[in-house]
Each structure stands twice: as structure tokens, then as C-alpha cells.
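Okay, so here's the structure we're looking at.
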Amino acid sequence: MNSFSSLLQENRVFSPHEDFSSKANISSFPQYDELRNKANSNILNHWNEQAMNLHWFTPWDTILNWNFPTAQWFTEGTINASYNCLDIHLQTANRNKEAIVWEREDGITASYTYAELHERVSAFAYSLQSLGITKGETITIYMGMNPEAIIAMLACARIGVVHNVVFGGFSSDALKDRINDSQSVCVITQSTTKRRGNDVALFDAVSNVLPFCPTIRHIICKQKPDLSTHDITIPIIDWDEFIHHEHQLEAIPLPSEHPLFYLYTSGSTGKPKGLVHTTGGYLTHVRYSFSLVFDPKPDDMYFCTADIGWITGHSYVVYGPLMHGMTILIYEGALNHPHPGKIWELIQHHKASILYTAPTAIRAFMSAGNDIPHSFDLSSLRLLGTVGEPINPEAWMWYHTIIGNSTCPIVDTWWQTETGGIMISPVPGAIPTKPGTATIPLPGILADVVRKDGKSASANEGGYLVVKHPWPGMARTIFGDDERYTSVYWSEFPPNSEHNGMYFTGDGARKDDDGYFWIMGRVDDVVNVSGHRLGTAEIESALVSHPSIAEAAVVAKPDDIKGNALIAFVTVMKDRSIDLDALKNVLINHVAKEIGSIAKPDDIRFTESLPKTRSGKIMRRLLREIVTGGVISGDTTTLEDFSALEKLRSDED
Ligand code: WTA
């Protein structure tokens, strides 16, 4: 992993390569600086101008209605997301341009022009409406990475139905929670998706949870399976029979604040929360950030490897690129299957020009060796991006030299499900980059690093990453739980005599002497595993739901590929005599069943008791130090049970 260490002098700066800058929309720092000064000196005016780049049925009077911590953007305007992704292209050269190019692991391919995608979405929206599904109701989409999933999202948006996409890797239990919490009336799914040569049975997962999901009235299934083995009381609608191409539905004008989607994400406590994103502000932020960060050009082939089950899939596979008339490449399956170089083959074959992926994927490809990417022609690439977790400088250098031929800029983009769109990122033609930092906030985004008292931290002083002014893509609330929204994001820095309240991201960061933001990871009990956010509380509650387990504490341990590995400390029920080795596997599989494979602990450690403070709080800090092999430091005098500590230490030996 250290082959690039010699290239990595402290704070090495990479200026934008001339090949890139000379053609970039924003091609110099002075040009960028002018935009930033203008934006930050009048933030509302800035977003007002950005909103005008969208298609609106009717304009707005109010740019921002801010009633801490509730935001409404472009309040009186009416708009439609599907119209802004599809209809706006029909009278332009994009009409017959490919919108989606799709490949599946087993070699099946398909593509859709903008006109074809528009036709399918309009027909699907018509069919949804004819089922009696109405504006404001919610549909859960549980599918693999394919054009139908995107058609389903855009069809919902076309008629004001809220989509709730659940990642196909989540288990049926996790699916059930998300269907019920969002009160979905319909599930759109497919018989199976492909993953590493296996058929993943999505429909079966839906069918298993149906008896526990009373709000569901309809199921629409791509490749309707043989139902003879299923005991289902509601009709299953076959996708192909459902779409009637002769019926086309116009996009419905919706209020700017109409919810576009809910997306569930892990928090530090309790069950995942459904973040609510609305239409006008979200589209404004996503369109603007896409344009600055990805510098779109008409002949780009854009490849973002995120699954639509995550926010990156929503904002930068679907809405951002389609609003810009891009051709998007999507792959249903694992990017190193059927062979380890599949991702590079896709780039070569489709001449992808922009690649946007996660550091964990970069590290995995890096560990497979340079010969694999070197055996493909990657010269079509002009811009590289990363998202989801900090990228270590070694992986950055590898991405830059081996994949980007030392000419492609890297945009390291920091943002969150909650922020809707990118917040901190280089603008690639203008901002010099340094391996490991997302650089500076986009113009119009007032991010800062502050101390506990809310005052700005000094250069190089670690602190809390916050946002000091509302922005249009911000989540409006947690579905059904305004209080939790306020307490999680807005209670750390409420308004006072010095500021008007700040959004707390949950991340720690520092700014260096150049004002570049270095993200130091979560400061709460959220762990980033392979770029996926997992709440330790969620995994702990899955563990204790097993009858043999009394208590559980989950902590992160740094991992070369995944960023973090999950280590669970558990105590078993006293009255049980159990084969611990066997139980370990049972528990790992139990978590996979409760949440999904991504949440599986990498190791389970059994202990007699867990170290706790006098008030009964598990001392995770201590456990974290134990798993990282560090010396236990800090004040342990409040430990209730020192023997627990001793036991854990000896387990470590
Ligand atoms: C982390 C993904 C460092 C961060 C879009 C954040 C990052 C969480 C970066 C959000 C980055 C995301 N550098 N850390 N470029 N991007 N993160 O909601 O901890 O899945 O709070 O959104 O990922 O994860 P989420």
C-alpha cells in the first residue's frame, strides 16, 4: 500500500492539469473566486439564480422561508422532477441521445435514448395513476441497478408519488421496517438481481414481509416469478403487462416543497431514519453542484458506480446527470465480476469520461495490482471523483497516476444523505487539490469547523464540521419525527447571541493553513464501512435480538480496504451453555438477516461483562482503543467493573 509514499510529501498540491482546465467551464481560480465572492456575499440571490436554471411551471415569490430549523425554498413555485430530467430534452439534440446505457453481470445490455426513457416513464406513471395511487402516497422501490429502477423513480416523481428506494442488499427485515415506517402503499421490485454470479431473490424478500406490511396494496414485479410456492393475498402485477405504451401521462406541476423522496439512513441511535427531500430546492442544489463538480460536456459518458439505494445514486446517478442531458452508464452486479478488471473493461468499452466511485472500491482495485487496469485502455477518462469516506493519500495517488494517467483531476466530494448534494469539493478546472482533502466548500455553502462553544476553530485545530446557512438541498425533516430531526442535527449549536443556529454534520474535521477541509470521520456512533453508513446502535440491537445474547457493543477498527471493520463485544445469557465458535457464525448470519450483509461484524468477541460508566453507559472509547491495539489511556476511574477491562485485555493477548 505504500508504493506512493515517496510521492507524498506533506501537503503536496496538484494544480488542475492544463488539458482539463483549458476546456473546463470554470477554468481558473480568479474565475472561481469571482463566483464564490458573488455567491457568498448574497447567498439567497445566488440560489435564486441557480433555481432559474430549472424548468418551473409557475415561479416563486419567496426564495427561503427559514423558521429554525425548518426550511422552505422557492415556496410558491411549482415544478416537476421528471419534467426536468426528461421533457426538457425532447425539443433539443438530446432527444435521440442515449440517456442510460446498462450492462448486467451476465452480459445482457440495453440502452434508452431520452425520448425512449420519456416514453417509458410517462407510460409507467399513467399505469401507476390508474391503480389509484395518488400524489403524496409512497412507493418503495426494491430493485437492482437497472433502467427499470430509474424508470420507477421518475414515474413516481412525475405524479407526485414519493419514492422510497431500499438498497437491494438489505435483508427482508430491514425492508419491512422501511416499508412500514414510510407507510408505502406499493412495492416495485424484480424477481432476482445479479450479484457475483448469484441470483439475489428480491421478490422473495418482499413476499416474506408482506404479511407484516399492512399498508401495501399493490406489488409490481419485473420478471414476475412463479407464484405457486408463494402464499400472497394481493395481486402481483407484471411489469411488462403493466406498461401501456399508448398511454402517456404529462408531468404534474407540484409545489416546490412537495416531497420527492424519503431515504433511510443510519443514525447514532435507534432505527434508521427516513430523511425527507423535497423537490425544488433539492433539484436546484443537485443541478448546480453537478455542473460545478463534474464540468459536464455533451459527449461525456458518465459512470457513477453508486447503487440507487444510496443518496449518491439518487443525486448523481439519476437526477443530476439526467437534468444535464448526460449519458449515464450503469452496471447491475459487482464491479469485479465476472473478472477482476470488469470496471476497467466497462470504461474501455463504453469510453467513459467521468468515473465517480468510493475510496473503498479504489483500495480494493489497488490491492488487486496494477496489471489489471494497465491491460485496459482508460484514455477516455478525463475526470475522477470519490465519495462516501475519507480517501487515504496512497489510494488517491494510485487513482491519480494509474487510473487517471496523472492528468485527470480528482474531485473528492464531501456530503451526506442529509445534505442532498455535494457540499465540499474542488471545482476541477480551478481548485488545486491535495491527496486526502475534499478542499473547500462550494460557492454558496457556508461550512466551517467549530469548537464546542460554536466559535470557529483555528487552522489545524480539530473540531466539529457544521453548516452555518441553510442550503436548498438540505433534508427538511425525518419522516414522522420532527423532534428527532431537531435533536440530531440542530441541538448541538442552537441559535444564540452569536449565531443563528448551525447544522451539525456528525463529522469531525480540521481546516489546514490554506483553509482546506480534512474530514476526520464521525464523532458519533455511526461507522463508515466500505463507504456505507451504519449505526452501531442498529447492529447492537440486531445482536441482542438473538436469544443467546444479553448485551452487545459494536465498535470500529481501521481496515485497509473497507475503511473500518466492525468488531462486536457481546455477553451471552448466563443460563446458557453454548459453543461459542458456533455461536459466532450464528450471530454474524443473524445480523445479516436482520439488516443485510453489509452490516455483518468482522469479528465477535465474547466477554463476561462490558465496561461501563457509573451511569451505565458502555465505554465505547475504551473498546475502540482495545480493538485498535492501542494502550488504554484516559480516565477509567468511573469504570463500574474493572474485571471486564481485565478480561477484555486478556482476550486481546
Ligand atoms: C462520510 C454519502 C470524508 C462522512 C454521500 C459523512 C466523507 C458520511 C466523504 C455521509 C468524503 C462522505 N470525505 N468523508 N469525501 N463523503 N463522507 O449519508 O462521514 O452515506 O458524514 O452520504 O460519509 O454518508 P452518506
Side-chain angles (χ1 to χ4, degrees), residues 165 167 169-170 261-268 272-275 277 282 285-286 289-290 293 304-320 356-363 384-393 395-396 399 410-426 433-442 445 447 449 464-467 473-475 478 488-489 492 503-511 516-536 538 556 558 562-564 598-599:
V165 182
F167 173 54
F170 278 126
F261 62 88
Y262 306 144
L263 188 58
Y264 283 78
T265 191
S266 300
S268 51
K273 46 200 181 202
L275 288 157
H277 281 284
Y282 171 79
H285 182 181
V286 170
S289 53
F290 188 86
V293 174
C304 169
T305 66
D307 190 280
I308 44 142
W310 310 112
I311 190 70
T312 308
H314 283 58
S315 302
Y316 300 108
V317 172
V318 180
Y319 290 108
Y356 189 32
T357 192
T360 193
I362 297 168
R363 289 190 293 266
L384 304 173
T386 77
V387 59
E389 54 184 318
I391 179 163
N392 51 312
W396 195 101
Y399 201 29
I410 296 181
V411 286
D412 174 352
T413 62
W414 178 90
W415 58 296
Q416 309 178 294
T417 308
E418 292 84 346
T419 69
I422 295 170
M423 304 290 276
I424 305 178
S425 165
T433 51
K434 300 179 199 176
T437 160
T439 74
I440 52 181
L442 293 182
I445 300 294
V449 178
Y464 302 96
L465 182 60
V466 298
V467 187
M474 64 199 285
I478 292 170
V488 174
Y489 304 110
E492 202 72 34
Y503 167 79
F504 176 46
T505 62
D507 279 356
R510 74 176 167 89
K511 287 201 281 182
Y516 279 29
F517 285 65
W518 295 77
I519 311 300
M520 288 150 62
R522 304 287 308 191
V523 295
D524 52 13
D525 289 322
V526 171
V527 181
N528 205 317
V529 178
S530 299
H532 297 144
R533 254 171 82 163
L534 295 165
T536 51
E538 214 180 323
K562 302 199 297 186
N564 288 296
I598 53 169

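Both ligands and their constituent atoms are indexed starting at 1 by order of listing. Side chains are part of it too, since the values below use all heavy atoms of this structure and drop only hydrogens, waters and symmetry mates.
- Of the charged side-chain nitrogens involved, none lies within less than 4.0 Å of a carboxylate oxygen, so that Glu538 and Lys273 do not count as a salt-bridged pair.
- Considering backbone and side-chain N/O of Arg533, one or more are found under 3.5 Å from N/O of ligand 1.
- Residue contacts with ligand 1: Ala438 is excluded, as none of its non-hydrogen atoms falls under 4.0 Å.
- In this structure, atom 19 (O) of ligand 1 lies nearest to the protein heavy atom Asp507 OD1, 2.9 Å.
- Judged by the 6.0 Å and 45° rule, Lys511 forms no cation-pi pair with Tyr516.
- Under the 30°/60° scheme for interplanar angles, the aromatic rings of Tyr319 and Phe261 are found to lie parallel.
- Checked by atom type, the side-chain pair Glu492/Tyr503 shows no donor-acceptor distance below 3.5 Å.
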- Item | Residues Tyr282, Ser315; criterion side-chain hydrogen bond (donor to acceptor under 3.5 Å, both in side chains); working and verdict | CA-CA 9 Å; Tyr282 171 79; Ser315 302; 2.7 Å; yes
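- Residue Thr505 places no N or O, backbone or side chain, under 3.5 Å from any N or O of ligand 1.
- Not one N or O of Thr265 is nearer than 3.5 Å to an N or O of ligand 1, by distance alone.
- Where the criterion is an N or O separation shorter than 3.5 Å, residue side chain and backbone included, Glu418 fails it with respect to ligand 1.
- The option from Gly508, Ser266, Gly388 that lies nearest to atom 12 (C) of ligand 1, judged by heavy atoms, is Gly388.
- Taking the six-membered ring for Trp and the full ring otherwise, Tyr316 and Trp415 have centroids separated by under 6.0 Å.
- Close contacts of ligand 1 with Val387, meaning ligand atoms under 4.0 Å from a residue heavy atom, involve 5 (C).
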